[in-house]
Amino acid sequence: MWKPLPDFETACTAWILAGGAHHTCYSENVSVEQMEDFAEIAGIESLVINEETTLRNFKNTIHTNEAYYR
């Protein structure tokens, strides 16, 4: 079962800020590091929501990525 980290409110808010359902990847077969490696190889953005996520840092990452991935 999926456990929202760091807490339900932060995880849901970050998920919505990141684009919600049409930008979601979840797997129990590959690691976060493998998904991040694939995103780097493919040249696509990767945002990870985990126990270290804060909304302030997450928003800053999104803004930085907007400039990089344009």
Side-chain angles (χ1 to χ4, degrees):
M1 180 60 100
W2 172 68
K3 181 179 179 184
L5 295 173
D7 57 72
F8 183 78
E9 183 177 341
T10 302
C12 289
T13 301
W15 179 72
I16 290 168
L17 289 170
H22 65 285
H23 289 283
T24 300
C25 179
Y26 175 84
S27 174
E28 292 184 4
N29 296 319
V30 296
S31 68
V32 172
E33 291 79 17
Q34 289 170 318
M35 286 191 274
E36 289 176 314
D37 288 344
F38 174 75
E40 185 174 345
I41 291 166
I44 58 175
E45 181 180 29
S46 173
L47 296 167
V48 176
I49 303 168
N50 61 18
E51 64 276 351
E52 299 172 7
T53 301
T54 65
L55 291 179
R56 171 181 266 169
N57 289 340
F58 199 78
K59 288 177 185 178
N60 286 337
T61 300
I62 291 172
H63 293 302
T64 302
N65 286 356
E66 284 179 18
Y68 182 82
Y69 285 100
R70 283 201 177 200

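Since the structure is predicted, the reported quantities are computational estimates derived from the model, not experimental observations.
Other residues, nucleotides and ligands contribute over 12 non-hydrogen atoms within 6.0 Å of the OH atom of Tyr69. Around the CD atom of Glu36, the shell of radius 6.0 Å holds more than 12 heavy atoms that belong to other residues, nucleotides or ligands. Open room surrounds CD on Glu9; 12 or fewer heavy atoms of other groups in view lie less than 6.0 Å from it.
In this structure, Leu55 CG and Asn60 CG are separated by 11.0 Å, a value rounded to the nearest 0.5 Å. Between the CD atom of Glu45 and the OG1 atom of Thr64 there is a distance of 10.0 Å, given to the nearest 0.5 Å. Annotation: the span from Trp15 atom CH2 to Ile49 atom CD1 amounts to 9.0 Å, rounded to 0.5 Å.
Using a 4.5 Å cut-off on side-chain heavy atoms (C-beta onward), Asn65 and Leu47 make contact. Side-chain contact between Thr53 and Asn50 is present, with heavy atoms from C-beta onward closer than 4.5 Å.
The minimum heavy-atom distance between Glu51 and Pro6, with the atom names listed, is O-CB, 3.7 Å. Minimum heavy-atom separation, Gln34 to Asn29: OE1-O, 4.5 Å.
Thr13 places no side-chain N or O within donor-acceptor distance of the main-chain N or O of Thr10, the cut-off being under 3.5 Å.
Linking ILVMFWY side-chain heavy atoms closer than 4.5 Å, directly or via other members, places Ile16 and Phe58 in a single hydrophobic cluster.
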